[in-house]
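See below for the structure under consideration.
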Amino acid sequence: MTTTATTTLPARPARRDPAVRGGQSPATAVRDVRTMVVRETRRQLRSIDGLITAFVLPVMIMLVFVVIFGGAISGDDYIDYVVPGVLVMCLGFGSATAAVGVAQDMTSGTIDRFKTMPIFGPSALWGHVVASIGRNLASAVVVVGVAYALGFRADAGLGDWIGLVAFAVLSVLTFTWLSVVLGLVLSVEASQSVNFIFLFVPYLSSGFVPIETMPSWLHGFAENQPFTPIIESFRGLLSGTPDATTILTAIAWLVGFLVVSCVAGAVLYRRRTAR
């Protein structure tokens with residue numbers, strides 16, 4: 001009787017797609033980010049105070065400056081001067097709410113639950129960022145619409161409007177990532193004060209009054225802080241007379257803050273989720 005031995009060969013490990021990194025393909029990462037964007041958007045729509053902050057507060061600030069202070073500051077033309085400052089303040093103030101959302105995710109156990117799922121790790125952060133861009137652009141449209149109703153008129157051409165939208169997206173992206181970093185290191189209560197950065201610092205720029213009308217000891221800070229070139233870039237694009245030097249200076253500020261915030265956010269998130 002002859003016995004035939006059967007040799008079982010070890011299973012060959014599956015070949016990993018070179019596009020896969022850390023078990024996640026780019027397509028899967030995009031899907032996870034999209035899911036987080038939907039999650040964050042739904043959360044924002046359920047937050048009445050968040051909607052008031054995003055859409056009502058910027059309009060109220062503009063009404064205060066145009067209707068109440070406008071006649072005393074610079075007459076009927078003041079609305080054309082102040083709208084860019086209100087617009088930047090609106091984008092920054094709305095972006096700051098991401099700090100609260102991130103802090104809540106980090107302290108409520110939400111991120112701990114996400115860690116147990118096979119999802120793209122930073123998708124939760126990108127969900128806050130992308131949702132913030134959509135919400136703040138919608139808020140900016142409302143602000144500009146109300147400004148037109150109050151008498152504001154822009155001389156921007158098609159190219160200026162396209163540049164304005166691109167510049168607004170870059171601004172919100174930077175402001176939101178900066179807020180995300182602060183949300184990673186602050187408590188929920190402390191993160192609620194992040195919006196004061198975007199509410200107060202623009203007042204010390206050319207956003208609401210010309211710098212030369214300020215006290216002389218404020219000129220140096222007002223001329224060299226980041227909000228001044230950012231607001232002046234918006235002003236130039238809306239008036240149809242953009243200044244290349246001012247725009248490049250503003251982009252340098254925004255890109256610099258964006259790179260630092262992205263790197264810091266990645267490091268902080270990795271450390272917080274490794275615990």
Side-chain angles (χ1 to χ4, degrees), residues 21-26 28-55 57 90-139 169-201 254-275:
R21 185 176 182 181
Q24 293 288 334
S25 68
T28 304
V30 171
R31 181 202 63 192
D32 293 340
V33 171
R34 183 173 64 247
T35 300
M36 292 299 176
V37 171
V38 173
R39 164 188 173 264
E40 178 61 18
T41 301
R42 288 176 176 173
R43 188 189 66 82
Q44 292 172 0
L45 292 176
R46 296 190 186 106
S47 175
I48 302 301
D49 56 340
L51 293 176
I52 292 175
T53 299
F55 292 95
L57 185 59
C90 152
L91 297 177
F93 196 84
S95 301
T97 59
V100 180
V102 171
Q104 289 175 338
D105 282 351
M106 299 304 297
T107 57
S108 64
T110 301
I111 296 297
D112 291 333
R113 290 193 291 272
F114 288 159
K115 286 165 57 177
T116 65
M117 302 177 183
I119 63 174
F120 177 55
S123 60
L125 299 185
W126 277 107
H128 287 283
V129 172
V130 177
S132 175
I133 292 175
R135 181 187 68 250
N136 283 288
L137 290 182
S139 175
V169 170
L170 176 60
S171 299
V172 175
L173 183 63
T174 301
F175 296 157
T176 305
W177 263 112
L178 179 60
S179 301
V180 165
V181 171
L182 294 174
L184 287 170
V185 298
L186 298 175
S187 64
V188 176
E189 293 75 14
S191 64
Q192 294 174 356
S193 63
V194 172
N195 52 26
F196 285 101
I197 298 174
F198 301 100
L199 184 63
F200 178 72
V201 179
L254 290 171
V255 172
F257 276 117
L258 178 60
V259 171
V260 172
S261 297
C262 287
V263 172
V267 172
L268 289 170
Y269 184 78
R270 190 178 300 114
R271 289 181 178 177
R272 291 288 300 270
T273 56
R275 297 175 183 177

Within the 3.5 Å criterion, strictly below it, is a donor on T41 or R135 matched to an acceptor on the partner's side chain?
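R135 and T41 do not have a side-chain donor-acceptor pair below 3.5 Å.
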Any salt bridge (Lys or Arg N to Asp or Glu O under 4.0 Å) pairs touching residues 119-133, not counting sequence neighbours?
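The answer is none; no pair qualifies.
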Salt bridge (Lys or Arg N to Asp or Glu O under 4.0 Å) contacts in which one or both residues fall within residues 91-108, not counting sequence neighbours
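Listed once each, the pairs are R39-D105.
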Using 0.5 Å steps for rounding, measure from the [atom1] atom of [X] to the [atom2] atom of [Y].
X	Y	atom1	atom2	answer
R34	S123	CZ	OG	12.0 Å
S187	Q192	OG	CD	8.5 Å
L186	T107	CG	OG1	11.5 Å
F93	F175	CZ	CZ	13.5 Å
C90	L57	SG	CG	9.0 Å
L178	S261	CG	OG	4.5 Å

Applying side-chain contact (heavy atoms from CB on, under 4.5 Å), name anything that partners L258, two or more places apart in sequence or on another chain.
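In terms of side-chain contact (heavy atoms from CB on, under 4.5 Å), with neighbours along the sequence ignored, L258 is linked to L170, L173, T174, W177, C262.
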So, for [X] and [Y], which heavy atoms are closest and what is the spacing to 0.1 Å?
X	Y	answer
V172	L91	CG2-CD2, 3.7 Å
R43	G101	NH2-CA, 4.1 Å
N136	S95	OD1-N, 3.5 Å
A190	S193	O-OG, 2.6 Å
S191	V100	OG-CA, 3.5 Å
A138	F55	C-CE2, 3.7 Å

Are V185 and L268 close enough that some pair of their side-chain heavy atoms sits under 4.5 Å apart?
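Yes, at least one pair of side-chain atoms sits under 4.5 Å.
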Looking at R31, is its backbone amide N or carbonyl O close enough to the side chain of T35 to form a donor-acceptor pair, meaning the two atoms are under 3.5 Å apart?
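Yes; judged by distance alone, with no hydrogens or angles, the pair exists.
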